[in-house]
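Okay, structure first, notes after.
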Amino acid sequence: MGRGKIEIKRIENPTQRQGTFYKRRDGLFKKARELSVLCDVELLLLLFSSSGKIYEYHAPSVHSVKEFVQRYEAATQTTILRDHCKEINSERAKMEKSCEQMEKEIRIMTVDETENYTVLSLEALERNLEAAMERVRKEMEHKINREINYLENVVRERQEEGYSLCEKLSHVQTINDIAGASASVNHDDDLDLKLGFN
C-alpha cells in the first residue's frame, strides 16, 4: 500500500506540527547534504522554527555563514548584513539614549544633600515624585480591587455551596421524617395485630 496524498496546509495540532517539522527538517538537511556531495555545490540552508529558533546546514566547502552571505551580497549586489548592522546600531543608539534618560530621572528622584539645587529643579523633582506616587497608588488600588473581587467571588461561591447543602439537608430531613412517620404507622399496625385489635 502506498502512502496517501496529504493536503498541504498548516497543521493545527501543535504536537503534530512540531513532530512533522523535525522529521521534514531532517529530510531537507539530508537532501541538501546529498545535493552538495553529488553535484559538488556550495549551499546554505537556514530554517527558523515557529518559536524563532534557527537551524542551519551548510556544505563542508562553506566555511562560515557570514562569508557565504557576503558572497551572496557580492553576486546579487544587495546589502543584507550591512543593512542589518545599521538596524542593530540604530536600535542600540536608541536603547543607550533611553538608558541615559532613565538614569537621569533616577538621579533627579534621589536628593543629594551635597548638590546645590535650584527651586525650579526641586519643584520638578516634587512633580516627578508626585506622579510616581500617583502611579503607585493606582496600581495598588487596582490590585486591591482585584483581590476584593476575588474574595467576593469566593464568599459568593461558599454561600451558594452552603445554600445547596442546606437544601440537601432539608431534603434528607424530610425523607427521614416521612420514613420515621411511615415506620411509626407500620409499628402501630404491627402492635395492633399482636394485641388483637382490628
Side-chain angles (χ1 to χ4, degrees), residues 4-26 46-56 84 87-88 90-113 115 117-194:
K5 275 193 171 184
I6 63 162
E7 185 180 354
I8 301 298
K9 64 174 186 175
R10 184 177 183 271
I11 299 169
E12 294 303 323
N13 183 326
T15 307
Q16 281 183 324
R17 186 168 57 239
Q18 190 176 21
T20 301
F21 170 76
Y22 287 126
K23 284 180 200 167
R24 297 220 172 191
R25 179 204 61 189
D26 293 344
L46 298 174
L47 295 176
F48 286 92
S49 69
S50 56
S51 64
K53 189 172 180 184
I54 186 170
Y55 299 92
E56 66 177 70
H84 186 62
E87 282 178 31
I88 290 172
S90 170
E91 194 66 30
R92 184 184 300 138
K94 284 181 192 172
M95 292 300 289
E96 284 174 357
K97 190 174 180 182
S98 176
C99 286
E100 284 174 16
Q101 183 64 31
M102 290 173 135
E103 285 173 357
K104 187 177 178 183
E105 286 178 12
I106 289 169
R107 280 195 303 273
I108 286 173
M109 287 190 182
T110 55
V111 178
D112 185 1
E113 292 178 9
E115 283 285 325
Y117 292 103
T118 65
V119 173
L120 287 174
S121 64
L122 288 171
E123 286 175 350
L125 175 60
E126 184 181 27
R127 281 192 301 276
N128 287 341
L129 288 172
E130 285 173 354
M133 287 290 290
E134 186 61 30
R135 285 195 300 271
V136 169
R137 278 192 202 101
K138 283 183 180 175
E139 182 62 25
M140 193 165 64
E141 284 173 13
H142 179 69
K143 287 194 180 294
I144 288 170
N145 286 335
R146 271 201 338 223
E147 189 66 24
I148 287 170
N149 288 337
Y150 170 75
L151 291 172
E152 284 175 348
N153 286 336
V154 168
V155 168
R156 194 176 305 112
E157 287 171 7
R158 295 300 179 266
Q159 284 175 338
E160 287 172 5
E161 286 175 11
Y163 294 145
S164 176
L165 287 172
C166 285
E167 285 177 15
K168 287 178 182 174
L169 186 61
S170 173
H171 183 68
V172 167
Q173 188 65 41
T174 305
I175 290 172
N176 286 342
D177 290 346
I178 291 170
S182 175
S184 175
V185 168
N186 289 341
H187 179 67
D188 289 346
D189 287 345
D190 291 343
L191 192 59
D192 288 344
L193 287 173
K194 285 178 185 172

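A distance of 12.0 Å separates CD of Glu126 from CE of Met133, quoted to the nearest 0.5 Å. Atom CG of Leu151 and atom CZ of Arg146 lie 12.5 Å apart (nearest 0.5 Å). Rounding to the nearest 0.5 angstrom, the gap separating the CD1 atom in Ile144 from the NE2 atom in His142 is 11.5 Å. The distance from the CD atom of Glu160 to the CZ atom of Arg158 is 11.0 Å, given to the nearest 0.5 Å. In this structure, Glu123 CD and Thr118 OG1 are separated by 8.5 Å, a value rounded to the nearest 0.5 Å.
No salt bridge links Glu141 with Lys138; every basic N to acidic carboxylate O contact stays at or beyond 4.0 Å. The existence of a salt bridge linking Lys143 and Glu139 is confirmed by a sub-4.0 Å separation between a basic side-chain nitrogen and an acidic carboxylate oxygen.
A side-chain donor-acceptor contact under 3.5 Å links Thr174 to the backbone of Ser170.
Nearest heavy atom pair, residue Arg17 against residue Glu12, reads NH1-O, 3.4 Å.
The shortest distance between side-chain heavy atoms of Glu134 and Arg137 falls below 4.5 Å.
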>> Asn153 vs Arg156, test: side-chain hydrogen bond (donor to acceptor under 3.5 Å, both in side chains). Steps then yes/no.
In response: CA-CA 5 Å; Asn153 286 336; Arg156 194 176 305 112; 2.6 Å; yes
